[in-house]
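First the structure, in the form of structure tokens, and then the observations on it.
Order of appearance sets the numbers: ligands from 1, and atoms from 1 within every ligand. For the numbers below, each heavy atom of this structure counts, side chains included, while hydrogens, waters and symmetry mates do not.
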Amino acid sequence: MTTLIDGKAFAADLRAAVGSQVAALIAGPGVTPGLAVVLVGEDPASQVYVRNKHRQTLEAGMNSFEHRLPADSSQQTLLDLVAELNADDAVDGILVQLPLPAQINAQAVLDAIDPAKDVDGFHVVNAGRLATGGDALVPCTPLGCLLLLRHFVGELSGLRAVIVGRSNIVGKPMAQLLLAENCTTTIAHSRTRDLAAECRQADILIAAVGRPEMIRGDWIKPGATVIDVGINRIDAADRGTGKSRLVGDVAFAEAAPIAAAITPVPGGVGPMTIACLLRNTVTAACRRRDLPVPAAAL
Ligand code: GUN
């Protein structure tokens, strides 16, 4: 029987554990962690993410600070806001929602965030620490995938992992995390020769390409664990049914009977991202004050 990896339930448990850690920080040293989220423009998907972050941050007992800027904001305006948040002691985590409008150099803004408050883990200092085994803040989506793998697979050492996708947000940090778990780790991408054959080697297959159902059932090694990071909306017009639908990067119906365990879309990796963001905010709040970081509950 294939295990369906229920990220929604796992993320709810993680948020509850983070909530307990926050309660202990408030009751003990009197620290209420605070997360600032910056949204530039009105991208509909980003607005949904930001709303969910705000609600879940408050539910975990933390302070949530939202900053909305118009789509035509200059890079300097954004840099000034980041400088203000860096200097604000009530702010432990800063997240600038991506994508940013074209007039803004996203990496310049991300690198202006104090690395100690970089709860997205996108600052070059945190990327470097992750690559060299230091105390990084780790990007939330790959961290969520790792927590699911540790829970549903157990020991990862020696397993062959293939990551399809080489983004700075998912593919590259995911590879660093799996390497640190002693996986034999391959990053495959759009120029990989015989991608299907690479995927068939994988005990752990991570799909993070953003192409709907690109990874087919016969690319899966029997007994593999499949983590699907893709969230692709198939428009109602393309389906001819009047309803749009979310699908992953993996052809789920084909892959599920072959895999030992697989994440669904929606309800797999997606809910883990915000839960890990909350966990990173607690980590940042503790490290900034030289308090012990609570042991990972999950
Ligand atoms: N846009 C989509 N996912 C993310 C994320 O994890 N962090 C940020 N900052 N923006 C995003």
Salt bridge (Lys or Arg N to Asp or Glu O under 4.0 Å) assessment of Asp203 paired with Lys221: CA-CA 7 Å; Asp203 302 307; Lys221 178 178 174 178; 2.7 Å; yes
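- A 4.5 Å side-chain heavy-atom check between Phe122 and Ile169 finds at least one atom pair inside the cut-off.
- Listed by chain and number, Tyr49, Leu95, Val96, Gln97, Leu98, Asp120, Phe122 each place a non-hydrogen atom less than 4.0 angstrom from ligand 1.
- Exactly one of Ile5, Ile258, Ile204, Val250 qualifies for a side-chain contact (heavy atoms from CB on, under 4.5 Å) with Val226. That residue is Val250.
- When all heavy atoms are compared, the tightest approach of Ala36 to Val91 is CB-CG1, 3.9 Å.
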Verdict with reasoning, Glu66 to Lys53, per salt bridge (Lys or Arg N to Asp or Glu O under 4.0 Å): CA-CA 10 Å; Glu66 255 186 53; Lys53 279 172 200 160; over 6 Å; no
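- The neighbour count for Arg211 CZ, taken as heavy atoms of other residues, nucleotides or ligands under 6.0 Å away, does not exceed 12.
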